[in-house]
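Order of the sequence lines sets the chain letters (A, B, ...), proteins ahead of strands, with each chain counted from 1.
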Protein chains: 2
Amino acid sequence: MLTIGTLAKRTGTKVQTIRYYETIGLMPEPERTRGGQRRYGQAELDRLSFVRHGRQLGFSLEAIRELLVLADNPSQSCVDADSIAQRQLKQVEDRIARLQVLQLELKRMISDCTHHSVADCRVLEVLRDHSECLTDHDQIGA
Amino acid sequence: MLTIGTLAKRTGTKVQTIRYYETIGLMPEPERTRGGQRRYGQAELDRLSFVRHGRQLGFSLEAIRELLVLADNPSQSCVDADSIAQRQLKQVEDRIARLQVLQLELKRMISDCTHHSVADCRVLEVLRDHSECLTDHDQIGA
DNA sequence: CTTGAACCTCTAGTCACTGTAGGTCCTATC
DNA sequence: GATAGGACCTACAGTGACTAGAGGTTCAAG
């Protein structure tokens, strides 16, 4: 029987985050001691590892919730899990592409900056003048 | 004199976002009509363009706030603006690196998945089994 | 003068946590 | 058995950067 602190350490999660996962129904309500403290077993450790690993791969909690349902019903087809992962891959690739554009523009900004006065600072100039911008009106997704 | 809607269109911003920027002090309180509607001039258009462009480059609103102060005081050195941009570049590069690791692992997951039952789905397996993971315990920054 | 699109304020919701206050429990040591 | 203190508890507020909705008002064209 593990305390919440031990579970936290074993999975690289904060204690508050585990409680948060419980309130949103991602983790089950665990057993409690007579004094009301949470006690966890192997099943919960596995489930939390799954969740954390999914988060590390950039899956949203909603996607992880879907994947957990699939994992809990091992007789169904795995096409759903595959398509969730495909979706995730696409998102990751989009983000990389956009970040690479930013990287380029930031590098250009910085290398052109001659450290003189703000009056002729490339960094501020580029921000001021839209025409120098490589990017279009897309938003940066968090 | 521009209405908030026109300003929104010209800068690719939502109306609510402009009002939000006002509440957090990033945009000034503009003139109002007798009826209480906001009216903007060129200065506000420029300022908002600067903010939006900064956001597109992935700067946080706090970083943009700093940059605006610099832009408003053109006699100072531009080293500060440069170092803010450097900081941003580093963050962007870190994010790219981490995303590329994810990309690799997701690809591996997906290509190994043979679309049979969930019982032997690689996607779920990889999530279940930490030892197959390329990444360490780092968090995904939003 | 009427219509209706665009504006207004205020509040709550999003995502995925994180932090704090104020109190209780568990366990090891004396 | 008493005590100390670290880990636990709940409940609530805050983060960043918006977004959405309700319910009401203003503006400009016809």
Sequence-distant partners of B:Asp46, salt bridge (charged side-chain N to carboxylate O under 4.0 Å, His left out), two or more places apart: none
Between P of C:dC17 and CG of A:Leu61, the distance in whole Å: 5 Å
Atom-pair distance (CD on A:Glu29; P on D:dT10), nearest Å: 10 Å
N or O in side chain of A:Thr33 less than 4.0 angstrom from C:dC25 OP1/OP2: no
B:Thr17 vs D:dT19: side-chain N/O to OP1/OP2 distance below 4.0 Å: yes
Could you tabulate the donor-acceptor pairs under 3.5 Å formed by side-chain atoms of residues 22-33 of chain A, not counting sequence neighbours?
{"residue": "A:Glu22", "atom": "OE1", "partner": "A:Arg38", "partner atom": "NE", "Å": "2.8"}
{"residue": "A:Thr23", "atom": "OG1", "partner": "A:Tyr20", "partner atom": "O", "Å": "2.7"}
{"residue": "A:Arg32", "atom": "NH1", "partner": "A:Gly36", "partner atom": "O", "Å": "2.8"}
{"residue": "A:Thr33", "atom": "OG1", "partner": "A:Gly35", "partner atom": "N", "Å": "3.4"}
{"residue": "A:Thr33", "atom": "OG1", "partner": "A:Gly36", "partner atom": "N", "Å": "3.3"}
{"residue": "A:Thr33", "atom": "OG1", "partner": "A:Gln37", "partner atom": "N", "Å": "3.0"}

Integer-rounded Å distance: C:dA16 P and A:Leu26 CG: 10 Å
Distance-only side-chain donor-acceptor flag, B:Tyr40 / B:Arg47, under 3.5 Å: no
Intermediate values then yes/no, salt bridge (Lys or Arg N to Asp or Glu O under 4.0 Å), A:Glu62 and A:Arg65: CA-CA 5 Å; A:Glu62 261 336 284; A:Arg65 208 189 285 273; 3.0 Å; yes
A:Tyr21 side chain near C:dC17 phosphate (N/O to OP1/OP2, under 4.0 Å): yes
Protein-nucleotide distance (A:Ile64, atom CD1; C:dC17, atom P), rounded to Å: 8 Å
Rounded distance (Å) that lies between atom P of D:dA17 and atom CD of B:Glu22: 18 Å
Separation of atom CZ in A:Phe59 from atom P in C:dC17, rounded to whole Å: 15 Å
Which residues share a side-chain contact (heavy atoms from CB on, under 4.5 Å) with B:Ser83, sequence neighbours left out: none
For atom CZ of A:Arg34 and atom P of C:dC25, their distance in whole Å: 12 Å
Most 5' of A:Gln16 and A:Tyr20 on DNA chain C, judged by nearest nucleotide: A:Tyr20
Those residues that, when tested against A:Arg87, pass salt bridge (charged side-chain N to carboxylate O under 4.0 Å, His left out) (two or more places apart): A:Glu66
Value in whole Å for how far the P atom of D:dA17 lies from CZ of B:Arg52: 11 Å
Reading 5' to 3' through nucleotides 7-12 of chain C, protein heavy-atom contacts under 4.0 Å coded B for base, S for sugar-phosphate only, - for none: SSB---
Side-chain N,O (B:Lys14) to OP1/OP2 (D:dA20) below 4.0 Å: yes
A:Lys14: salt bridge (charged side-chain N to carboxylate O under 4.0 Å, His left out) partners, not counting sequence neighbours: none
